[in-house]
Amino acid sequence: MHVAGAISVPFYTVNDYAAQIPKDRWILTYCACPHAASVKARDALRALGYKNVAVLDEGINVWRDKGYPVRGGSKP
């Protein structure tokens, strides 16, 4: 599952997708773990010159459980 409207990029392939990720807006990384993979993605983007990158604290499951929009997945 991912945040509705987001570009879904696996943390281990950030470099492969970087050309599709705009540099002129805030980028929010997240995972379901709740921080391990998202921090790796954030750090990879920062290394590529993205300045406005943050981690969604507590991950996608908390986002979903608070009723924010997601695509895919299902609520347990």
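Here, residue 1 is the first one in the sequence, and each next residue gets the next number. What you see is a predicted model, and the numbers here were worked out from it, not measured in a lab.
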| Out of curiosity, K66 NZ to E58 CD, how far, rounded to the nearest 0.5 Å? | 9.5 Å
| message | Could you check whether any side-chain heavy atom of K51 comes within less than 4.5 Å of a side-chain heavy atom of R46, counting everything from C-beta outward? | response | no
| field | Set of residues satisfying ring pair (Phe, Tyr, Trp, His ring centres under 6.0 Å) with respect to Y68, sequence neighbours excluded | value | W63
| query | Between atom CG of L56 and atom OG of S38, what is the distance when rounded to the nearest 0.5 Å? | reply | 7.5 Å
| request: Verify the cluster assignment for V62 and Y30: are they in a single hydrophobic cluster under the rule of side-chain heavy atoms below 4.5 Å apart? | output: no
| remark: So OH of Y50 and CG of D24: to nearest 0.5 Å the spacing works out to 10.0 Å
| message | Connecting only ILVMFWY residues whose side-chain heavy atoms lie within less than 4.5 Å of each other, what is the rest of W26's hydrophobic cluster? | response | none
Can you give me every donor-acceptor pair (side chain of residues 12-22, partner residue at least two apart or in another chain, under 3.5 Å) with its distance?
residue : atom : partner : partner atom : Å
T13     : OG1  : P10     : O            : 3.2

| query | Would you say the side chain of V3 lies within less than 4.5 Å of the side chain of R71, judging by non-hydrogen atoms? | reply | no
| query | Are L48 and F11 connected in the hydrophobic side-chain network, where two residues link if heavy atoms are under 4.5 Å apart? | reply | no
| field | From H2 atom NE2 to I60 atom CD1, the distance as rounded to the nearest 0.5 Å | value | 8.5 Å
| Nearest atoms (heavy-atom pairs only) where C31 meets A36 | SG-N, 4.0 Å
| Option passing side-chain contact (heavy atoms from CB on, under 4.5 Å) with T29 (candidates V9, V55, V39) | V55
| Euclidean distance, L45 CG relative to K23 NZ, rounded to 0.5 Å | 9.5 Å
